[in-house]
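One structure is given here, and the rest of the page talks about it.
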Amino acid sequence: MIGADPELLRIGNSSGFYGDRFSAMREMLTGGELDVLTGDYLAELTMLILGRDRLKDPDLGYAKTFLRQLEECLGLAAERGVRIVANAGGANPAALAARIRELTERLDLDVSVAHVEGDDLTSRATELGLGTPLVANAYLGCWGIAECLNAGADVVVTGRVTDASVIVGPAAAHFGWDRTDHDALAGAVAAGHVIECGTQATGGNYAFFTEIADLTRPGFPIAELRRDGSSVITKHPGTGGAVTVDTVTAQLMYEVQDARYAGPDVTTRLDTIEVGQDGTDRVRISGTRGEAPPPELKVSLNGLGGFRNEMAFVLTGLDVEAKAELAQRQLEAGLDRRPAELTWTLSRLDRPDADTEERASAILRCVVRDPDQDVVGRAFSGVAVEMALASYPGCSLTGVPGKASPYGVFTAGYVDQAQVPHVAVLPGGERVDVPPASQTRSLEAPPEPALPQPLPEGPSRRAPLGAFVAARSGDKGGNANVGVWVRTEQQWRWLAHALTVDRLRTLLPETAELPITRTVLPNLRALNFVVEGILGEGAASQARFDPQAKGLGEWLRSRHIDVPEALL
């Protein structure tokens with residue numbers, strides 16, 4: 001058992017990404033009662049960055065910020081009896097564990113450290129049929145973390161585990177769950193998915209943010225987990241932000257695919273989750289059902305896609321289209337070799353009869369990519385600068401010429417669970433092999449739920465979809481998801497019929513030629529859309545203005561549509 005109460009475990013989160021608020025660890029440890037403090041530092045792009053760090057120096061490859069946070073807070077955590085679990089080990093959890101042990105000796109703290117490894121498949125990628133990526137990491141589950149905690153570890157660091165695993169592992173250890181307790185595990189995954197992105201659960205990136213009284217410095221979230229897997233999402237008293245049904249729903253809709261949310265330990269049925277307000281800044285998550293996990297583990301494959309560069313022209317005043325055409329023609333004519341990819345984007349930010357020069361200006365961006373660094377280096381950016389006195393009137397650039405920079409490409413692979421070593425390295429150095437799931441179930445399309453009765457015909461008027469529809473969007477490799485939901489049954493009766501795949505294509509023209517899948521989640525009054533290929537080869541390739549699709553949902557909310565007047 002980890003906490004003092006056998007029926008309750010309080011798990012806080014202090015990091016949603018590598019670069020999150022540095023002071024959050026101290027704030028969470030001093031702001032109220034906790035049993036476990038977790039941190040999520042990894043993303044697809046982060047694994048590429050950390051993998052490159054380790055290639056340069058075999059002693060690196062972990063989130064260095066986490067180590068600095070521990071230097072300030074490890075003694076405080078030990079004093080308060082709070083265990084710490086984080087995936088900050090990144091591409092080198094063993095090295096991070098060693099650095100933490102050195103820190104405990106230097107600070108004279110009686111703190112035991114363990115780590116989880118086995119996710120790094122880079123050296124075996126070819127034999128596993130995964131190609132030749134720069135780095136390859138399997139998404140491990142919660143049971144290695146649980147082994148370390150059961151062995152008495154005060155700090156557990158991992159490499160690439162699923163984001164929710166840093167929450168599910170402590171819960172499994174505390175409650176003594178079996179690997180086939182799928183409903184309880186799925187409930188913990190739901191809670192973990194809500195809090196693993198930090199302040200996104202307390203009002204950050206929230207569509208109706210103007211309703212929150214104080215969002216200056218939102219507090220980080222806490223999950224109060226119960227033995228059956230149900231939970232209450234909350235935050236420390238007196239902290240900013242808010243925990244409401246909608247802030248929690250927003251996070252439940254973040255970066256998901258369909259009603260079956262697959263993981264290495266359990267497949268969580270998102271269509272069974274029920275959320276309800278349980279008091280001020282308290283939201284209960286219950287009813288979550290789970291199924292056996294799929295037989296394969298997902299593998300994050302990051303490689304070097306080539307080199308990219310970018311130049312942006314400012315076009316001011318009249319004849320913007322003609323100015324853009326001239327700039328494009330001149331730059332392309334000046335290139336000795338045409339890059340493999342050359343993309344122009346004209347952002348019409350200008351207004352007629354503008355009262356400032358900035359509001360009279362548009363931006364013309366040229367992005368180039370090529371396997372040869374020289375082709376898209378100064379040979380490209382220098383041509384743009386040479387045009388300064390020979391192009392359209394008022395020609396100027398937003399930056400100086402520069403060299404090309406490498407960009408990464410993300411793809412997902414899958415391998416049988418039995419082919420991936422999952423090892424818990426305990427505080428005393430003992431290595432415990434964690435076996436793969438004994439029960440598995442291949443993923444299949446979830447059943448299509450019945451739609452509510454449509455609203456009766458009535459008068460309507462044009463209005464932004466976001467007048468009463470909330471949204472949250474994010475990236476999964478080259479795909480993006482957009483989750484939308486509403487608050488009332490009447491709104492749901494309209495949304496479920498009005499926002500079809502075809503309507504989404506109309507509202508978001510950039511998706512018109514792309515495959516889109518819609519999932520209906522009646523319990524949450526929500527729809528989830530997965531748009532395939534809109535992000536090219538992933539966030540690291542920077543193939544789009546919004547490379548992680550963070551603003552895609554807000555673009556959708558800003559679009560105008562015929563809405564029943566009764567809902568407005």
Side-chain angles (χ1 to χ4, degrees), residues 44-45 48-49 52 131-134 301-317 319-350 361-411 475 477-480 509-515 531-549:
E44 293 158 355
L45 178 57
L48 175 61
I49 295 169
R52 291 179 62 197
T132 55
L134 193 66
L301 304 171
N302 282 287
L304 184 63
F307 297 87
R308 75 181 296 279
N309 207 342
E310 175 180 334
M311 295 299 286
F313 299 86
V314 180
L315 316 174
T316 303
D319 304 319
V320 166
E321 300 283 348
K323 290 172 180 175
E325 188 278 330
L326 175 60
Q328 180 174 342
R329 177 158 39 91
Q330 288 181 318
L331 188 145
E332 292 187 15
L335 297 175
D336 291 333
R337 289 173 56 190
R338 186 179 179 89
E341 295 181 48
L342 189 151
T343 306
W344 292 92
T345 306
L346 177 60
S347 298
R348 293 301 302 265
L349 308 176
D350 55 305
S361 300
I363 302 295
L364 177 66
R365 297 171 63 238
C366 182
V367 178
V368 289
R369 294 182 179 81
D370 198 273
D372 188 335
Q373 185 174 6
D374 293 333
V375 170
V376 290
R378 293 294 181 118
F380 158 71
S381 60
V383 171
V385 173
E386 289 170 1
M387 293 164 48
L389 305 183
S391 191
Y392 59 89
C395 178
S396 65
L397 297 162
T398 62
V400 298
K403 298 178 180 179
S405 58
Y407 70 89
V409 171
F410 171 86
T411 56
D475 62 308
N479 302 339
E510 291 181 22
T511 71
E513 304 299 323
L514 300 173
V531 184
E532 297 181 32
I534 192 171
L535 303 180
E537 296 175 298
S541 70
Q542 301 181 59
R544 189 175 176 273
F545 165 72
D546 176 16
Q548 292 183 290

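- A distance of 9.0 Å separates CD1 in Ile534 from CG in Asp546, rounded to the nearest 0.5 Å.
- Panel note: side chain Arg348, backbone Asp350; no donor-acceptor pair is recorded below 3.5 Å.
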Trace of the side chain to side chain contact (heavy atoms under 4.5 Å, CB included) decision for Leu48 with Leu304: CA-CA 9 Å; Leu48 175 61; Leu304 184 63; over 6 Å; no
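- At least one test fails for Arg365 against the ring of Phe313: distance under 6.0 Å to the centre or angle within 45° of the axis.
- For Asn479 (side chain) and Gly533 (main-chain N/O), a donor-acceptor pair under 3.5 Å exists by modelled atom type.
- Distance alone, capped at 3.5 Å, is enough to place a donor-acceptor pair between the Asp372 side chain and the Asp374 backbone.
- The pair Glu341-Arg308 does not count as a salt bridge, with every side-chain nitrogen at least 4.0 angstrom from each carboxylate oxygen.
- Taken to the nearest 0.5 Å, the OG1 atom of Thr345 stands 8.0 Å off from the CG atom of Leu364.
- Distance check, rounded to the nearest 0.5 Å: CZ of Phe410 to CG of Leu535 gives 11.5 Å.
- A 4.5 Å side-chain heavy-atom check between Arg369 and Phe307 finds every atom pair outside the cut-off.
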For side chain to side chain contact (heavy atoms under 4.5 Å, CB included), just list the numbers for Leu134 and Arg52, CA-CA rounded to whole Å, side-chain angles, deciding distance to a tenth of an Å, and then say yes or no. CA-CA 8 Å; Leu134 193 66; Arg52 291 179 62 197; 3.5 Å; yes
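- A distance-only check finds no donor-acceptor pair linking the side chain of Ser361 to the backbone of Val314 [under 3.5 Å].
- We find the CD-CZ distance between Gln373 and Arg378 to be 11.5 Å, quoted to the nearest 0.5 Å.
- No hydrogens or angles considered: nothing links the side chains of Trp344 and Glu325 as a donor-acceptor pair under 3.5 Å.
- Side-chain contact between Leu346 and Val320: present, with at least one pair of heavy atoms (C-beta onward) separated by less than 4.5 Å.
- With hydrogens and angles disregarded, a donor-acceptor distance shorter than 3.5 Å links the side chain of Asn309 to the backbone of Val376.
- Checked by atom type and distance alone, the side chain of Gln330 pairs as donor or acceptor with a backbone atom of Ala390 at under 3.5 Å.
- Put simply, the side chain of Asp370 gets close to the backbone of Ala340: a donor and an acceptor are under 3.5 Å apart.
- Of the possible donor and acceptor atoms, one in the side chain of Asn302 sits under 3.5 Å from a partner among the backbone N and O of Glu44.
- Annotation for Ala480 and Ala549: closest pair CB-CB, 3.6 Å, computed over non-hydrogen atoms.
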Using side chain to side chain contact (heavy atoms under 4.5 Å, CB included), reason through Leu315 and Tyr392 one step at a time and then give a plain yes or no. CA-CA 8 Å; Leu315 316 174; Tyr392 59 89; 3.2 Å; yes
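- For the pair Met311 and Val385, the minimum side-chain heavy-atom distance is below 4.5 Å.
- Using a distance-only test at 3.5 Å, with no hydrogens or angles considered, a donor-acceptor pair links the side chain of Lys323 to the main chain of Thr316.
- The CD atom of Glu310 lies 8.0 Å from the CZ atom of Phe380; values are rounded to the nearest 0.5 Å.
- Taken from CG in Leu331 to CE in Met387, the straight-line distance is 5.5 Å, to the nearest 0.5 Å.
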